[in-house]
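Hydrogens, waters and symmetry mates are skipped; everything else that's a heavy atom, side chains included, is used. These figures come from a predicted structure and were not determined experimentally.
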Number of protein chains: 2
Amino acid sequence: MPAKENLRPGGRSARVQASVHNAVRLLLKTMDRADVTIPLIAAEAGVTPSTIYRRWGELQELLADVAVERLRPDMLPIDTGSARGDLEVWTEQYCEEMSSGIGRDMMRDVLAAQDNANACKCDAFTREQIALIAERAHARGEAFPDIDAVMDGVVAPIIYRILFGDQPSIERVRDLVTNVLTATPTRPPQPVSAPISA
Amino acid sequence: MPAKENLRPGGRSARVQASVHNAVRLLLKTMDRADVTIPLIAAEAGVTPSTIYRRWGELQELLADVAVERLRPDMLPIDTGSARGDLEVWTEQYCEEMSSGIGRDMMRDVLAAQDNANACKCDAFTREQIALIAERAHARGEAFPDIDAVMDGVVAPIIYRILFGDQPSIERVRDLVTNVLTATPTRPPQPVSAPISA
DNA sequence: CGCTAAAAGCAAATAATTTGCGTTAATGGA
DNA sequence: TCCATTAACGCAAATTATTTGCTTTTAGCG
C-alpha cells in the first residue's frame, strides 16, 4: 500500500504528499524517531491524520516511502579517469553515506516495511550507479566486472556489515574493490548499446 | 530495552517471558503478522498488556526478540568429510532457511528493531557455525578461508539478495562457495587450540 | 463546463498505549 | 529458614492513536 505513482498525480493530492514528506523529514531532524507519530506528522503537515492512515496505512510504510526518496542518488558517480578510481571513490562515498546514523535509519525504514518494493528500488538505484561506472569503463576500453559481481563483492558485504553491527573500515572497503577488480573474472570491454565504431 | 538476561531469571519472570514468546509464535502461525497486536498477545499469554509494554516497549522489539531465538542454530553443521562439502551443504541450507517466508520475516523483525543487539546476535550465530566448519577443516589438515572472507563472500551476498528483493539461486550460491574457496587467499591449516599431535 | 469518482476533511467510535499505585514473589543476607 | 528489599506483575483510569462512516473538495476527462 505504498503512496506511489498509481494515484492522482496532480494538484491537491500531490501537495498533500509533498507536505507530509516534508513534515516527516523535518520531524526526523528535530526529534527522536521513536517519538514521531502519525498525528504529529499530520499536525506538522497541516492535514488530518486519517488522510495519512488511508494513504500509507502505517508509520512504517510512510517512513520507508520518505527514506527511499532520500536514498535516491542525486548525482552521477564522479569521473576520476579510470574504472578503479571511479569504483573506489563511489564505494567509499556510498559506504560513508550508508554507515552514518541517517543512512542506517533510512535503510532500516526501507527494510522494515511490509512492502519490499522500496527495498527493490534501493537495489535498483545502486545498480544504476554501478552500471554508469561500467559503461564509462567500457567506453574507455577498460574491462569491468559484471554488475552482479560488484553487488556481491562490494555492495553486499558493506550493507551486511552495516546492518548486522559492524562498521566497515575504509581499508576493508578498499580491499573489497581491489578483490572484485582483480580476483573475479572481468568482462572484456563491449559496446554498451551501439558498437563503438559502427 | 531488550528483554534479556539482565532481568530476574527465575520463577515468574521467566514463566511470563516463555508464555509471551509462545503466544507470539502461535499467533504468527495462525494469523497475518499485521493483525498481531500486543493486547492480543497478552490475552493469549495470559498476562496483562502493560507487562509486555514495560518489558519490551513495542511490538517490534518483542518480535525481534522472538525471531532471534528462532534464528539460533539448533544443530551443528553437517560433517560431509571435506571443507568444501561442509560449506556447500551448510550454505545451501542456510540460504533456503533464510529465503523462506518465515526466514525473511524473522530477519526483517530483527533488523527493524531499534535495538540492534539482536542483529549482532544473528551475525554471531552465523560466524559460530562457520567457525565450526573451519575448525573441522583445520583438524583434518585442510586449508580454510578466514571467517570474514566467508561472511563477505558467501553470507553477505545471500542476505543482501534476500533483503533487497532477489531470491538467490542454488547455482549462484554454489558459485559463491566455490569462489571463496578458490579465488580468495586461504589460511593454511593451523592448530585450533592445541597442536594436532602434541 | 459539468460529471464522476478519487482523495481529503471531520467527528464519533474503537482500540492501543501509558501511567499511578497496590500486590506478588525472586533474590540475598541474617 | 525466615525476613527485608525491590524487581516485576496486575489492575484500572487516563491518555493517545487508529478506524470508520459520512460529507466535502477537486483532479481528470469528455
Between [atom2] of [N] and [atom1] of [X], the distance in whole Å:
X: Arg15(B); N: dC9(D); atom1: CZ; atom2: P; answer: 11 Å
X: Trp56(B); N: dA8(D); atom1: CH2; atom2: C1'; answer: 11 Å
X: Ile41(B); N: dT17(C); atom1: CD1; atom2: C1'; answer: 14 Å
X: Ile52(A); N: dT19(D); atom1: CD1; atom2: P; answer: 13 Å

*Degree of bending in the helix from dC1(C)-dG30(D) to dA30(C)-dT1(D) once both end axes are built from five pairs, to 10°*: 50°
*Looking at residues at least two apart in the chain, or sitting in another chain, which of them share a side-chain contact (heavy atoms from CB on, under 4.5 Å) with Glu96(A)?*
none
*Mind checking side-chain contact (heavy atoms from CB on, under 4.5 Å) for Ala45(B) and listing every partner two or more places apart, or none if nothing turns up?*
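Once residues adjacent in sequence are excluded, the partners of Ala45(B) under the side-chain contact (heavy atoms from CB on, under 4.5 Å) criterion are Ser19(B), Val20(B), Ala23(B), Val47(B).
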For [X], check side-chain hydrogen bond (donor to acceptor under 3.5 Å, both in side chains) against everything at least two apart and list the hits.
X: Thr80(B); value: Asp86(B)
X: Gln93(A); value: none
X: Arg127(B); value: Asp123(B), Asp148(B)
X: Ser50(A); value: Thr48(A)

*asked:* With ring-ring contact (aromatic ring centres under 6.0 Å, His included) as the rule and sequence neighbours excluded, what pairs involving residues 64-96 of chain B come up?
replied: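 Every pair satisfying ring-ring contact (aromatic ring centres under 6.0 Å, His included) with a residue in residues 64-96 of chain B: Trp90(B)-Tyr94(B).
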*Pairwise ring-ring contact (aromatic ring centres under 6.0 Å, His included) hits with a residue in residues 152-172 of chain B, at least two apart*: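 Checked against ring-ring contact (aromatic ring centres under 6.0 Å, His included) - neighbours excluded - the pairs reaching residues 152-172 of chain B are Tyr160(B)-Phe164(B).
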*Among residues 31-38 of chain B, which residues get a heavy atom nearer than 4.0 Å to DNA chain D?*
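Heavy-atom cutoff 4.0 Å gives no residues at all.
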_Arg174(A)/Glu92(A) salt bridge by N-O under 4.0 Å criterion_ = yes
*How does protein reach along nucleotides 8-13 of chain C, written 5' to 3' as B (base within reach of a heavy atom under 4.0 Å), S (only sugar-phosphate), or - (no contact)?*
SBB---
*Provide the full list of side-chain hydrogen bond (donor to acceptor under 3.5 Å, both in side chains) pairs with a residue in residues 28-45 of chain A, sequence neighbours left out, each pair given once.*
Arg33(A)-Asp109(A)
